[in-house]
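Order of the sequence lines sets the chain letters (A, B, ...), proteins ahead of strands, with each chain counted from 1.
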2 protein chains.
Amino acid sequence: MRKPEIREKILEFIRHSLDERGYAPTVRDILKGCNLSSTSVVQHHLNTLEKEGRIHRDPQVVRSIQLIKKDVVEVPLLGTIAAGKPIPVPGSDTWTTPPDETLKLTTDMIGNKSNTYALKIKGTSMLDALIDDGDIVLMEAVPTAENGQMVAVWLKDEQEVTLKKIYREPGRIRLQPANKQMKPIYVKPQNIEVQGKVVAVLRRLGR
Amino acid sequence: MRKPEIREKILEFIRHSLDERGYAPTVRDILKGCNLSSTSVVQHHLNTLEKEGRIHRDPQVVRSIQLIKKDVVEVPLLGTIAAGKPIPVPGSDTWTTPPDETLKLTTDMIGNKSNTYALKIKGTSMLDALIDDGDIVLMEAVPTAENGQMVAVWLKDEQEVTLKKIYREPGRIRLQPANKQMKPIYVKPQNIEVQGKVVAVLRRLGR
DNA sequence: ATTTATAGTTAACGGATGTTCTATAGAACA
DNA sequence: TGTTCTATAGAACATCCGTTAACTATAAAT
């Protein structure tokens with residue numbers, strides 16, 4: 001019988017230890033904490049966990065166990081977004097040079113996604129999306145978007161980028177402002193280009 | 001001669017170690033890393049740093065050094081905010097019972113403040129502040145607010161709470177919506193009660 | 001039924017590590 | 001001048017800890 005439960009228990013214990021005490025447990029800490037009977041049992045499970053990529057250890061180093069799951073993510077601030085300008089989409093050239101600035105965020109905010117980036121809003125052209133000058137939007141680089149999703153849309157005819165909720169309707173696409181008091185606009189499918197999904201909006205005030 | 005520089009160097013080394021490797025250095029790591037010559041020198045400085053409250057160690061525990069400064073802050077989500085309802089202000093009764101939910105945020109977002117709390121917006125009554133239904137506002141519990149600051153204001157006559165930028169003018173107070181296209185309202189000073197300062201606005205989409 | 005992989009036990013080695021003791025030197029201070 | 005505080009140096013100690021080896025036990029696979 002495979003016994004993953006004991007390894008879950010060990011992981012939980014490590015998590016607890018990191019959380020409560022601030023540093024990782026030793027093999028013998030785990031031994032006692034999980035009611036195991038031998039250090040080599042612990043060693044065995046730790047080896048397995050490391051093979052599974054769930055923890056990382058530095059050989060011979062006391063208390064070097066780390067959980068792989070990340071709590072804090074650094075999101076690159078790739079540029080600004082303004083009316084009449086396509087938004088910077090992470091391309092090969094954008095990734096090669098490291099971004100000038102990064103934002104530290106918790107996975108609470110974005111869902112552990114790796115393809116998330118941030119853009120700073122310039123100007124008040126996004127007011128209908130309830131987004132102010134200086135706000136920061138977290139974008140996820142996705143090829144497609146589901147109905148109802150808030151997306152960054154490039155309007156080819158108007159040469160303009162806008163943030164709207166997208167709804168595909170027969171023969172047309174409805175772009176609905178976040179502000180429900182405002183009316184939607186309708187565009188031809190071939191007139192738009194979805195440039196990314198809006199994951200979150202951040203507004204920092206009074207600094 | 002006092003030598004705080006070497007302790008700053010040690011702190012920096014600890015920070016670097018925690019950052020790069022994920023766990024704290026040993027006394028001998030610091031010895032080599034800071035070009036010191038004896039473990040007892042390191043011990044001495046660590047004792048001093050601990051007395052100064054800048055680090056914490058567990059006696060006899062390897063790699064237990066922790067920096068006191070916090071990077072991730074848990075902000076209590078104290079309740080909801082809606083028109084016609086005073087916002088929950090952290091009082092004695094609110095703090096005694098732990099909040100149902102907390103938000104993990106980095107000090108990037110809020111400035112290491114301890115008196116910060118979060119409120120969830122219910123309804124669209126804050127649209128003029130560019131704040132949507134479901135948005136989360138981070139409030140700082142402060143007694144006074146400076147001019148131009150975005151604050152939560154309780155309007156006594158109207159029995160309503162609103163988020164506006166506050167400007168004290170002779171004989172009246174101007175409450176300016178964040179949306180610059182909208183006109184300010186003017187109120188008598190005795191008609192308002194500042195309930196807190198808005199530190200940030202968070203909007204999480206598509207989950 | 002036999003083999004194989006996983007899990008557990010016991011014991012021990014050797015090195016890493018926190019701590020302590022003693023001694024020295026310079027600066028501040030009264 | 002003597003005292004005290006801080007910083008430094010070297011050495012030594014006892015313990016903690018990661019690792020390994022040899023062996024047994026059990027479940028799964030063939």
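- The side-chain hydrogen bond (donor to acceptor under 3.5 Å, both in side chains) check on B:R15 picks up B:E12, with sequence neighbours excluded.
- Look at CG on A:L46: it is 14 Å from P on D:dC17, rounded to the nearest Å.
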Polar pairs (N or O, both sides) under 3.5 Å between protein and nucleotides 19-23 of chain C?
residue, atom, partner, partner atom, Å
C:dT19, OP1, B:Q60, N, 2.9
C:dT19, OP2, B:Q43, OE1, 3.2
C:dT19, OP2, B:R57, NH1, 3.3
C:dT19, O4, B:T39, OG1, 3.2

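- B:D132 is linked by a side-chain hydrogen bond (donor to acceptor under 3.5 Å, both in side chains) to nothing, counting only residues two or more places apart in sequence or in another chain.
- Atom-to-atom, NE2 of B:H45 to P of C:dG18 comes out at 16 Å; the value is rounded to the nearest Å.
- When heavy atoms are screened at a 4.0 angstrom cut-off, A:V41 is found touching base atoms of the nucleic acid.
- One can find a donor-acceptor pair under 3.5 Å joining the base of D:dG10 and the side-chain atoms of B:S38.
- For C:dA7, the OP1/OP2 oxygens have a side-chain nitrogen or oxygen of A:R7 closer than 4.0 Å.
- Residues satisfying the side-chain hydrogen bond (donor to acceptor under 3.5 Å, both in side chains) criterion with B:R54, sequence neighbours excluded, are B:E8.
- If you measure from atom NZ of A:K9 to atom P of C:dA7, you get 15 Å, rounded to the nearest angstrom.
- By the side-chain contact (heavy atoms from CB on, under 4.5 Å) test, A:D29 is found to be paired with A:F13, A:R21, A:P25, A:T26, A:R63, residues two or more places apart in sequence or in another chain being considered.
- Pairing of C:dA30, defined by two Watson-Crick or G-U wobble distances under 3.5 Å, is identified with D:dT1.
- Two residues, A:D29 and B:T48, neighbour DNA chain D, and the one matched to the more 5' nucleotide by heavy-atom proximity is B:T48.
- One can place CG of A:L36 at 14 Å from P of D:dG18, the figure rounded to the nearest angstrom.
- If you measure from atom CZ of B:R63 to atom C1' of D:dC17, you get 11 Å, rounded to the nearest angstrom.
- Residue A:H44 places no side-chain N or O under 4.0 Å from the OP1 or OP2 atom of D:dT19.
- Using a 4.5 Å heavy-atom cutoff, the side chains of B:I30 and B:I65 are in contact.
- Among residues two or more places apart in sequence or in another chain, the side-chain hydrogen bond (donor to acceptor under 3.5 Å, both in side chains) test is passed with B:T124 by none.
- The number of heavy atoms from other shown groups lying within 6.0 Å of NZ (B:K156) is above 12.
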